[in-house]
K.L.:
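The structure that follows is given in the form of structure tokens.
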Amino acid sequence: MKQYTVKNRNVILVAGVLNFMCLGLMYSWSKFATEIREELALDHSRVTLAYTICMAVFTVGILMDGILGKKLSPRSCSLIGTFLTVAGYALTSWVPVENPALLYLTYGPLVGFGIGLVYNEWLSNIVHWFSDRSGLASGLLLLGMGLSGVTTTPVMAWLAQTLGWRLSFRVIALLFLVTGLFFRRYLLPADGVENSNLSTSSQSAGLEMNSRQMLSQPCFWSFALWKLIIIGLGQACSGQLAEIVVDMNGGDLLQLAAVSLFVVCNGVARLLWGVSCDRIGRLRTMQVIAFLAVISTALLVFGFEQKELWITVFALLMIALCYGGGATLGANYIVSVFGKKYYRQNNGVSALTCLPVNIGATSAIGVVRTVSGSYLPFFIATLPAAFAALFMAFASAHLIQKMRQNTIQTTK
């Protein structure tokens, strides 16, 4: 087997990006929702429920990978995740019209859990191999999921329109099987960098905390609340983006353009903020993202109140940039503050804190729209939440410093 070191580790990163371009198909549910709804005679809310279950179980899958990692190798966990994902798409393609509720047992739990396992495996693998440039590397990896919106997803959507969603799901299952079995060979221990001079800021501070220790630190909870707000804002807007444009009297072409640009901005932001983490640090990047969230929500409220379509669209794209930052910081903050020794488990615990918004963000904005007849009350409510994220970003810096001082005093 070929040996990988610092000099040729980029091969592992390329493999991860390609694999994540397939994992990003999880976010393409809306591309198939219309055909599924019509054939299975489901209303919009019942079809959306399958995707909501998938996103919720995806978070649980990330957590479970950390738990399984104590007994199973990364390749074994990846293999389990691959088989579950393949089974999810394949079984969903055979859901009978007479029993459409089976959709909630096939697509949601199996696909979400399987992709969650593979996702955390790769993220942990890349963070270990690129501990000197974890921001750039994790940003590129997560960009792969964003790029699925302009690569694998359009192909599968075209296939669904041409030959039906059932056949498209079977092709997706085959794609996951082939790529999962092939790319798992690159899930290797980072022995090639362990003895080098590469280090993270947490290691230089001598900090390696397990999940129980991490949960006892206020700086973890300040970050968790920051991430909950940023990701919740992004998920709420992305789930209702086309409808928001419709409410602003935007045409079909603008709806399509807004959705496409939102996906692109979200994807590119993951790389942008990853580089920012390496250049100016994780904490300053958190602060910049939160400040951008305050500006974008204020513009969103102003645009909606004044019926300014282009200001509203611009604000939504700014939120997409923040949304991508939430994903990237989720990977980088944990490893930089609590170390990489227990990263696989700690990242799973951190991901679980987003479960409430994975379940309820899209539903919440939809309920507000139904009850009030407008999205404006929801946007007004997000403005103080964005300020809270900004406060948490600055509070995290103080809390981390306090944690490290306490750790140094304890070790003495």
K.L.:
Flag yes if more than 12 heavy atoms outside Tyr104 fall under 6.0 Å of its OH atom; otherwise flag no.
P.N.:
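Atom OH in Tyr104 is crowded, with more than 12 foreign heavy atoms closer than 6.0 Å.
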K.L.:
Evaluate the criterion side-chain contact (heavy atoms from CB on, under 4.5 Å) for residue pair Asn120 and Met64; output intermediate values, then yes/no.
P.N.:
CA-CA 9 Å; Asn120 199 47; Met64 287 303 300; over 6 Å; no
K.L.:
Give a yes or no on whether the ring-centroid distance for Tyr343 and Phe338 is below 6.0 angstrom.
P.N.:
no
K.L.:
When you measure from the side chain of Ser350 to the backbone of Asn346, do you find a donor-acceptor pair of N or O atoms at a distance under 3.5 Å?
P.N.:
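No; judged by distance alone, with no hydrogens or angles, the pair does not exist.
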K.L.:
For the CZ atom of Phe378 and the OG atom of Ser372, what is their distance to the nearest 0.5 Å?
P.N.:
11.0 Å
K.L.:
I'd like to know if the side chain of Thr179 pairs up with that of Arg184 as donor and acceptor (distance under 3.5 Å, no hydrogens or angles considered).
P.N.:
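Looking only at side-chain atoms, Arg184 and Thr179 do not form any donor-acceptor pair under 3.5 Å.
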K.L.:
Under 3.5 Å, side-chain donor or acceptor atoms of residues 213-220 against the rest of the protein: list the pairs with distances, not counting sequence neighbours.
P.N.:
unit_1: Gln213; atom_1: OE1; unit_2: Asn210; atom_2: N; d: 3.0
unit_1: Ser216; atom_1: OG; unit_2: Gln213; atom_2: O; d: 2.6

K.L.:
Tyr119: which residues meet the ring-ring contact (aromatic ring centres under 6.0 Å, His included) condition with it, sequence neighbours left out?
P.N.:
Phe20, Phe58
K.L.:
Apply side-chain contact (heavy atoms from CB on, under 4.5 Å) to Arg46 and Arg37, showing your working.
P.N.:
CA-CA 8 Å; Arg46 293 180 66 189; Arg37 183 172 68 248; over 6 Å; no
K.L.:
Quick one: CD1 on Ile400 to NZ on Lys402, what's the gap to the nearest 0.5 Å?
P.N.:
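Nearest 0.5 Å value for the CD1-NZ distance: 13.5 Å.
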K.L.:
Rounded to the nearest 0.5 Å, how far apart are CD of Gln235 and CD1 of Ile230?
P.N.:
12.5 Å
K.L.:
With heavy-atom distances below 4.5 Å as the criterion, would you say the side chains of Thr312 and Leu300 are in contact?
P.N.:
yes
K.L.:
Checking the side chain of Ser168 only, and the main-chain atoms of Gly164 only, is there a donor and an acceptor separated by less than 3.5 Å?
P.N.:
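No; judged by distance alone, with no hydrogens or angles, the pair does not exist.
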K.L.:
Consider only side-chain N and O atoms of Lys340 and Ser124, and report whether a donor and an acceptor are under 3.5 Å apart.
P.N.:
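There is no such pair between these side chains.
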K.L.:
Report yes if the distance between the aromatic ring centroids of Phe169 and Trp165 is under 6.0 Å, otherwise no.
P.N.:
yes
K.L.:
How would you list, by chain and number, every residue that makes a salt bridge (charged side-chain N to carboxylate O under 4.0 Å, His left out) with Arg270, sequence neighbours excluded?
P.N.:
none
K.L.:
Would you check if the side chain of Gln345 reaches a backbone N or O of Gly66 as a donor-acceptor pair within less than 3.5 Å?
P.N.:
yes
K.L.:
Taking C-beta and beyond as the side chain, do Leu317 and Phe314 meet within less than 4.5 Å on heavy atoms?
P.N.:
no
K.L.:
For residues Met248 and Val313, determine if any side-chain heavy atom of one lies less than 4.5 Å from a side-chain heavy atom of the other.
P.N.:
no
K.L.:
How far apart are the C-alpha atoms of Ser374 and Phe304, what are their side-chain angles, what is the distance that settles it, and do they pass the side-chain contact (heavy atoms from CB on, under 4.5 Å) test?
P.N.:
CA-CA 9 Å; Ser374 172; Phe304 227 82; 3.7 Å; yes
K.L.:
Is the shortest heavy-atom distance from the side chain of Met286 to the side chain of Met392 under 4.5 Å?
P.N.:
no
K.L.:
If you take all heavy atoms of Val301 and Leu376, which pair is closest and at what distance?
P.N.:
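Nearest pair, atom of Val301 first, then Leu376: O-CD1, 4.0 Å.
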K.L.:
Can you measure from CZ (Phe176) to CG (Asn19) and round to the nearest 0.5 angstrom?
P.N.:
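Output value for this atom pair is 8.0 Å.
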K.L.:
If you take all heavy atoms of Val349 and Ser211, which pair is closest and at what distance?
P.N.:
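Val349 and Ser211 have their closest heavy atoms at CG2-OG, 3.8 Å.
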K.L.:
What residues, two or more places apart in sequence or in another chain, satisfy salt bridge (charged side-chain N to carboxylate O under 4.0 Å, His left out) together with Glu39?
P.N.:
Arg166
K.L.:
Do you know the tightest heavy-atom contact between Gly303 and Ile311?
P.N.:
CA-CG2, 4.0 Å
K.L.:
Using the test salt bridge (charged side-chain N to carboxylate O under 4.0 Å, His left out), find all partners of Arg369 that sit at least two apart in sequence or belong to another chain.
P.N.:
Asp247
K.L.:
I want to check something: taking the side chain as every heavy atom from C-beta on, are Phe130 and Asn10 in contact at a cut-off of under 4.5 Å?
P.N.:
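Yes, their side chains come closer than 4.5 Å.
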K.L.:
Suppose we screen for side chain to side chain donor-acceptor pair (under 3.5 Å). Which residues come up paired with Thr52, at least two apart in sequence or across chains?
P.N.:
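Thr52 satisfies side chain to side chain donor-acceptor pair (under 3.5 Å) with no other residue.
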K.L.:
Would you say the side chain of Ser78 lies within less than 4.5 Å of the side chain of Leu117, judging by non-hydrogen atoms?
P.N.:
no
K.L.:
Taking all non-hydrogen atoms of both residues, which atom of Asn347 and which atom of Ala331 are closest, and how far apart?
P.N.:
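The pair with the smallest heavy-atom distance is OD1-CA, 4.3 Å.
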K.L.:
Do Trp129 and Leu13 have side chains that approach each other closer than 4.5 Å (heavy atoms only, starting at C-beta)?
P.N.:
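They are not in contact (no side-chain heavy atoms under 4.5 Å apart), so the answer is no.
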K.L.:
Using the benzene-type ring in the case of Trp, are the ring centres of Tyr333 and Trp226 under 6.0 Å apart?
P.N.:
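Between Trp226 and Tyr333, which both carry aromatic rings, the centre distance is not below 6.0 Å.
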K.L.:
So does Arg185 get a backbone contact from the side chain of Arg75, meaning a donor-acceptor N/O pair under 3.5 Å?
P.N.:
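Yes, Arg75 side chain to Arg185 backbone: donor-acceptor pair under 3.5 Å.
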K.L.:
Measuring from Asn332:CG to Arg282:CZ, what's the distance to the nearest 0.5 Å?
P.N.:
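Reported value, rounded in 0.5 Å steps: 5.0 Å.
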K.L.:
Run the side-chain contact (heavy atoms from CB on, under 4.5 Å) check on Asn249 and Leu309 step by step: do they pass?
P.N.:
CA-CA 8 Å; Asn249 298 317; Leu309 176 60; over 6 Å; no
K.L.:
Can you tell whether the side chains of Lys70 and Asp65 come within less than 4.0 Å, N to carboxylate O?
P.N.:
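Result for this pair is no, no salt bridge flagged.
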K.L.:
Please find the pair of heavy atoms, one from Ala33 and one from Val47, that lie closest to each other, and give the distance.
P.N.:
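Residues Ala33 and Val47, closest heavy atoms: CB-CG1, 3.8 Å.
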K.L.:
Side-chain contact, heavy-atom cut-off 4.5 Å: Tyr323 with Leu233?
P.N.:
no
K.L.:
Is a donor on one side and an acceptor on the other found under 3.5 Å between the side chain of Thr92 and the backbone of Gly88?
P.N.:
yes
K.L.:
Can you confirm whether the side chains of Ser76 and Ser73 place a donor and an acceptor under 3.5 Å from each other?
P.N.:
yes
K.L.:
Using modelled atom types only, decide if a donor and an acceptor are shared between the side chain of Thr82 and the backbone of Leu177 within a distance under 3.5 Å.
P.N.:
no
K.L.:
Using every non-hydrogen atom in the two residues, find where Ser296 and Ile319 come nearest and quote the distance to one decimal.
P.N.:
OG-CG1, 3.5 Å
K.L.:
Between Thr382 and Thr297, do the side chains contain an N or O donor and an N or O acceptor separated by less than 3.5 Å?
P.N.:
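Their side chains do not contain a donor-acceptor pair, so the 3.5 Å distance test is not met.
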K.L.:
At what distance, to the nearest 0.5 angstrom, does CG of Leu271 lie from OG1 of Thr328?
P.N.:
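These two atoms lie 8.0 Å from each other.
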